[in-house]
Participant: 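So that we are looking at the same thing, I have put the structure below in structure tokens.
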Amino acid sequence: MAYDHRDIEKKAQEKWASLDLYRADLSDETKEPYYLLVEFPYPSGDLHIGHWYAFAVTDIYARMLRMRGKNVLFPIGFDAFGLPAENAAIKHGVDPKEWTYKNIEKMKGQLASMGPSFDWSKEVVACDPSYYQWTQWLFAKLFEHGLAVHKEAPVKWCPKDQTVLANEQVIDGKCERCGTEVVEKRLTQWFLKITDYAERLLEGLEKLPWRNEIKDAQRAWIGKSEGAHLEFSIPNSQLSIEVFTTRPDTVFGATYVVLAPEHTLIQNNELGITNYGEIQEYIKRTAQKTERERSENKEKTGVELKGVSAINPATKEEIPIYVADYVLASYGTGAVMAVPAHDERDYEFAKKFDLPVRDVIEPVTGTPQKNPEPRKSIVAVVIDRKNGTVLTLDWGPALGGKLYIGGGREEGEDAAQAAMREIAEETGYTDLKLVSQTSVIHHSYFAYSKNVAREIEAIGFLFELNSDAKDEQKLEKDEHGKFTVSWLPLEQAEREVSETLHRTVFERLVLGRVHTGSGVLVDSGEFSGRNSEEAKWDIVKYVGGEKAINYRLRDWLVSRQRYWGCPIPIVYDPEGKPHTIPAEHLPWLLPTDVDFRPTGEAPLASSNELRERVTKIFGEGWTPEYDTLDTFVDSSWYFLRYLDSQDAHDFSDAALMKKWMPVNRYSGGAEHTTLHLLYSRFFTKALYDLALVPVDEPYAERFNRGIILGPDGQKMSKSKGNVINPDEFVQKYGADAVRIYLAFIGPYNEAGSYPWSLDGVASMHKFLERVVRLAERSQDMSEVPEAMRQSLAKASAKVAEDGDRFKFNTGVAALMILMNELEPAASVPNGVCREVAVMLAPFAPHLAEHLWEKLGGEGSVHRQAWPVAEIAAETEKEIVVQVNGKRRGAVTLAVDASEADAVAEALKVPAVANALGGNEPKRVIYVPGKILNLVV
RNA sequence: GCCGGGAUGGCGGAAUUGGUCAGACGCAUCGGGCUUAAAACCCGAAGAGGGCUUUAAAAUCCUCGUGUGAGUUCGAGUCUCACUCCCGGUACCA
């Protein structure tokens, strides 16, 4: 018999409201506090399946914890500033505020249909003046302490949204919101100095027990690299170029210097560049390129600065200066020393502009050996260009497999000559053209065939075959037969020649790769012969540079040239200097007499009211700030406001923060890893330093949830027509069935993706019907059969444990197993049914409430304690007997049976005795309660 | 390219610290029951392959099986190494 979910759910929700069931008393000292947080939604007015997955499943845990005696704070609010409201205003002429609040009302109704246990009394709405007043107050605090700065910097601009964007909001060179390619502009904007916290944001991750994928993504975003600042002076000038490099050990190989097009040194012609017009044109051209164009087309471009040069501080040589857009203005100093021999990008540029390549590091390969015998040798790669093949010798598996031509160099012999000689001796070919060669490669290995440790100094050569002319005379007789000579296609040789030295030579000469690793310094003055890694900092000292650390992280750009955001609480004095708006004038209200249309100018600039307000309060000549704040500022501290959302005198309550922070567990989407999650960590640290917040990490635990795919396994989208509307399923099967299905769909503690199964919800509805039928068979019995008692005890322990791990899928499975165990019974005691209702309550709160009433329970099922029962320790256990690791039988033994008893018992099993074949076991592995393995 | 995560039946997914039987739980599938019939419900089958017996079936037995290949171990989905593919992040970051 079906249960009427509509009626049950309506009644349960009314009951909870009348009992005010979910209000948390934050100052309650009798229970342990637990702060469970879910990212608050943007009020789009459309509650999709993703919202359900976010809120309904987390709600299961909130309910479970309450039943387990915790004082649970599970709040909700709305991240209500943002572009959609403004776009609606532009498109349909509605008031963004009205639009937003209407959506919030609508969404509250939709959220209620899930039956969530939110404590609405603590609601926050980011666009409400009572909230943004404190966003402004906190911004002012940051400004007063130098953490909010007004500065000029290259910034990302979205031409469609007509606003600047933070770095984090640019995905693949496109605007995160609208997908338009962004362009770079140099503008004066408001930044929050998150870079000051780069190191601490990094360090803080060490202690957090978050999953690696979250921590590593943040680490990569922060992008710490250690190196040095070196100075390249400019002859006949006061000016010099400072570069940042992580490879100061290669400075002797720096053959030119490159400036980013935006570099300040070339913004005007202070240097007296003779081709300045050409430079200006190049700067202009690159400025017009979008991010994407710059990074997609990696063909190097640039222009030499004629009439000026720089001095390499190591070699004292005069070297040319270039401007090129492969150097980024926003990283390091916006200038690099180019070492083409040891950097891929510099090498590419050098080849294109025909600049010198100077090797200063000889590679070291192989495994270091004890007491090696030094030797000079060569490796020769011979290419037949006509056929696209390369000459290889196959020595067989024992002698090193497939190799190119290798050999020793005789005393006083020229290396190239030696290479020619070896080729002739081993293959007979003599008509060769020398194309290129490598620097010395230091290679260590153990030659098993000759039983000797070698450390060789090898030089690699590339030859091209002119003709197949062979000189059979030169073929060496005693080598004959040890290997086979063959011409292999280049790709095959690349795959099959795996020996390190030969591979290295091939990569260097045929594939054109440069050596970017460490090695032995050469051609580096007094440092020659030393290990590059070891000599690195001595070289920095030698050239008068200093150690420097650089981060990829940029300061957080928070200005937005948009209307529907928090007004930046700043005014400018007649000299144009920014001042914060005093606290008594907060909230600094968003004006309403504005033109929303994006013009590139901030919409607030069109407000007369705002200008008049500033004049009235601050005086003639004072002007307002017209930009608004990035909405990520609003969400960087909302979890603090929940603790005291109605406070008119402070942003939060110090005592409550002390008690409730950090958030115990934060559930959200993976897409916020380098945005909201990083920003709010920064905010918390900054406020901690200002003694406003008692913790310096906001979230003890963080879980990124997965995403729900369409039934076809594809990402849901209107164009694919695979969008699941949760309301439909709620109508048909009930909110409880949808909740429990979402819990069951897959593990919640990792960010996987799960296709929505059309039959899945129906099957959950059936499961709930089974529970209803069980409850209908409830009998008044005082005696509870032991087997039932055990089933209940196991289920309650398992469900609680899985909840703690955010593995609701196996938790639901445990409830299903419980049902499978209880159902066959002819009669089910009322107490058992009640306990089932209690365990079901977090998952299917409405039905559980209904059953609780039917079963004669007092009050609300959600006020019941989670059942804790002892699981009887088993005294006997079946353990498996293996012979040589193969199962041959099983014996039932006391849990603490001794090994001797176990073996004796096992030998009685015929199959075991059989398998032993009368032999005594040589070894016995006995794991009490689990396994006995007899090894013969 | 680099960093991270992953790969288990037709599908979603289970499997404490390496410890029997891999595949819990559910979906889909198939067979049966109930019914005049259908739905609902109930019972049952099921990784792949094979052998024996038999009219047939079942029980029973054997081999292989957690992306591929090697290894460690008495014992590997779980540990190590190499590789393939998929997903996510990031990318001219000096």
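Order of the sequence lines fixes the chain letters, A, B, ..., with proteins taken first and strands second; residue numbering starts at 1 for each chain. Scope of the values below: all heavy atoms of this structure, side chains included, with no hydrogens, waters or symmetry mates.
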Participant: Any strand counts, and the cut-off is 3.5 Å on both contacts for Watson-Crick or G-U wobble. Which nucleotide pairs with G44(B)?
Facilitator: C30(B)
Participant: Say we look at G26(B) and A14(B): how far apart would their P atoms be, to the nearest angstrom?
Facilitator: 15 Å
Participant: Tell me whether the side-chain N or O atoms of Lys766(A) pair up with the base of C41(B) as donor and acceptor below 3.5 Å, since no angle test is needed here.
Facilitator: no
Participant: Between atom CD in Glu344(A) and atom C1' in C2(B), what is the gap in whole Å?
Facilitator: 13 Å
Participant: Please confirm whether the shortest side-chain N or O distance from Ser757(A) to OP1 or OP2 of C11(B) is below 4.0 Å.
Facilitator: no
Participant: Taking only the side-chain nitrogens and oxygens of Asn809(A), find out if one of them lies under 4.0 Å from OP1 or OP2 of A14(B).
Facilitator: yes
Participant: Could you walk me through whether His229(A) and Phe244(A) satisfy the ring-ring contact (aromatic ring centres under 6.0 Å, His included) test, starting with their C-alpha distance in whole Å, then the side-chain angles of each, then the deciding distance to 0.1 Å, before giving a yes or no?
Facilitator: CA-CA 5 Å; His229(A) 283 147; Phe244(A) 172 71; 5.8 Å; yes
Participant: Between Asn704(A) and G88(B), does any side-chain N or O lie under 4.0 Å from OP1 or OP2?
Facilitator: no
Participant: Rounding to an integer number of angstrom, what distance separates G9(B) and G67(B) when you compare their C1' atoms?
Facilitator: 15 Å
Participant: Applying a 4.0 Å non-hydrogen cut-off, can you work out what Val924(A) is touching in the nucleic acid: base, sugar-phosphate, or nothing?
Facilitator: nothing
Participant: Strictly by modelled atom types, are Tyr326(A) and Asp346(A) linked by a side-chain donor-acceptor pair under 3.5 Å?
Facilitator: yes
Participant: Taking the P atom of each, how far is A28(B) from C21(B), in whole Å?
Facilitator: 30 Å
Participant: Name the closest nucleotide to the Ala813(A) side chain, picking from G5(B), A14(B), A24(B).
Facilitator: A24(B)
Participant: Find which nucleotide of RNA chain B each of Pro755(A) and Arg923(A) is nearest to by heavy atoms, and output the residue with the more 5' nucleotide.
Facilitator: Pro755(A)
Participant: Taking atom NZ of Lys224(A) as the centre, report whether more than 12 heavy atoms of other residues, nucleotides or ligands fall under 6.0 Å from it.
Facilitator: yes
Participant: Taking only the side-chain heavy atoms of Lys807(A) (C-beta and beyond), determine which of G19(B), A14(B), C42(B) contains the nearest atom.
Facilitator: A14(B)
Participant: Just compare A94(B), G26(B), C92(B) and give me whichever is closest to any side-chain atom of Thr246(A).
Facilitator: A94(B)
Participant: Suppose we define a pair by two distances each less than 3.5 Å, Watson-Crick or G-U wobble; what does A7(B) pair with here?
Facilitator: U84(B)
Participant: Taking the P atom of each, how far is U66(B) from G47(B), in whole Å?
Facilitator: 15 Å
Participant: From the set G5(B), U20(B), A28(B), return the single nucleotide nearest to any side-chain atom of Ile931(A).
Facilitator: U20(B)
Participant: Taking the same atom, P, in G71(B) and in G89(B), what whole-Å distance lies between them?
Facilitator: 38 Å
Participant: Write down the distance separating the C1' atoms in G13(B) and G77(B), rounded off to the nearest Å.
Facilitator: 14 Å
Participant: So, is Arg770(A) near the phosphate of C41(B), with a side-chain N or O under 4.0 Å from OP1 or OP2?
Facilitator: no
Participant: Taking atom P in both G51(B) and A56(B), what distance in whole Å separates the two?
Facilitator: 14 Å
Participant: When you measure from the centre of the six-membered ring of Trp221(A), is the NZ or CZ of Arg552(A) closer than 6.0 Å and no more than 45° off the axis?
Facilitator: yes
Participant: Atom CD of Glu671(A) to atom P of U90(B): distance rounded to whole Å?
Facilitator: 12 Å
Participant: Under 3.5 Å, is there a donor on one side chain and an acceptor on the other for Tyr282(A) and Thr301(A)?
Facilitator: yes
Participant: Describe the nucleic acid contact of Arg513(A) in one word from base, sugar-phosphate, nothing, applying a heavy-atom distance below 4.0 Å.
Facilitator: nothing
Participant: Contact class for Ile925(A) vs. all strands (heavy atom < 4.0 Å): base, sugar-phosphate, or nothing?
Facilitator: base
Participant: Nearest whole Å is fine: how far is A94(B) C1' from Tyr551(A) OH?
Facilitator: 17 Å
Participant: My understanding is that a pair needs two contacts under 3.5 Å, Watson-Crick or G-U wobble. By that rule, which nucleotide pairs with U90(B)?
Facilitator: G1(B)
Participant: Look at all strands and tell whether Ser330(A) reaches a base, only sugar-phosphate, or nothing, counting heavy atoms closer than 4.0 Å.
Facilitator: nothing
Participant: To the side chain of Arg773(A), which of C27(B), C25(B), C41(B) is closest?
Facilitator: C41(B)
Participant: Distance check, C1' atoms only: G75(B) and U20(B), in whole angstrom units.
Facilitator: 11 Å
Participant: Between P on C87(B) and OH on Tyr754(A), what's the gap in Å once rounded to a whole number?
Facilitator: 17 Å
Participant: Asp802(A) has an atom CG; how far is it from atom P of C25(B), in whole Å?
Facilitator: 15 Å
Participant: Pick one for G67(B): is it syn, with its angle within 90° of 0, or anti?
Facilitator: anti
Participant: Around Lys715(A), counting heavy atoms of other residues, nucleotides and ligands shown, do more than 12 lie under 6.0 Å from its NZ?
Facilitator: no
Participant: Take atom OH of Tyr741(A) and atom C1' of G26(B), then tell me their distance rounded to the nearest Å.
Facilitator: 10 Å
Participant: Measure the distance from CG on Asp712(A) to P on G12(B) and round it to the nearest whole Å.
Facilitator: 13 Å
Participant: Describe the nucleic acid contact of Val935(A) in one word from base, sugar-phosphate, nothing, applying a heavy-atom distance below 4.0 Å.
Facilitator: sugar-phosphate
Participant: Applying ring-ring contact (aromatic ring centres under 6.0 Å, His included), run through Trp756(A) and Tyr53(A) and close with a yes or a no.
Facilitator: CA-CA 11 Å; Trp756(A) 178 269; Tyr53(A) 197 45; 9.4 Å; no
Participant: Write down the partner of U20(B) under the Watson-Crick or G-U wobble criteria, each distance required to be under 3.5 Å.
Facilitator: none
Participant: Can you see whether Phe349(A) has Lys300(A) sitting over its ring - NZ or CZ less than 6.0 Å from the centre and within 45° of the normal?
Facilitator: no
Participant: I want to verify a distance call: between C25(B), G5(B), A94(B), whose nearest atom is closest to the Arg211(A) side chain?
Facilitator: G5(B)
Participant: For Glu823(A) and G26(B), what is the distance between atoms CD and P respectively, to the nearest whole Å?
Facilitator: 10 Å
Participant: For Asn820(A), answer base if it contacts any base atom (sugar-phosphate contacts may also be present), sugar-phosphate if it contacts only those atoms, and nothing otherwise; contact means non-hydrogen atoms under 4.0 Å.
Facilitator: sugar-phosphate
Participant: Test for a donor-acceptor pair under 3.5 Å between the base of C74(B) and the side chain of Asn933(A), counting only N and O atoms.
Facilitator: yes
Participant: Measuring from the side chain of Trp221(A) (C-beta onward, heavy atoms only), which nucleotide among G5(B), U90(B), C25(B) has the closest atom?
Facilitator: U90(B)
Participant: Does any nucleotide pair with A15(B) by Watson-Crick or G-U wobble geometry, both distances under 3.5 Å, and what is it?
Facilitator: none
Participant: Rounded to the nearest 0.5 Å, what separates atom CD1 in Ile707(A) from atom OH in Tyr754(A)?
Facilitator: 10.0 Å
Participant: So which one's nearest nucleotide on RNA chain B is more toward 5', Ile817(A) or Asp216(A)?
Facilitator: Asp216(A)
Participant: Side chain of Val927(A) only, please: which of C92(B), G19(B), C41(B) is the nearest?
Facilitator: G19(B)
Participant: What is the base-pairing partner of A59(B), counting Watson-Crick and G-U wobble geometry with both distances under 3.5 Å?
Facilitator: none
Participant: Between G13(B), C25(B), U90(B), which nucleotide has the shortest distance from any of its atoms to the side chain of Met816(A)?
Facilitator: C25(B)
Participant: U73(B) pairs with which nucleotide, Watson-Crick or G-U wobble, both distances below 3.5 Å?
Facilitator: none
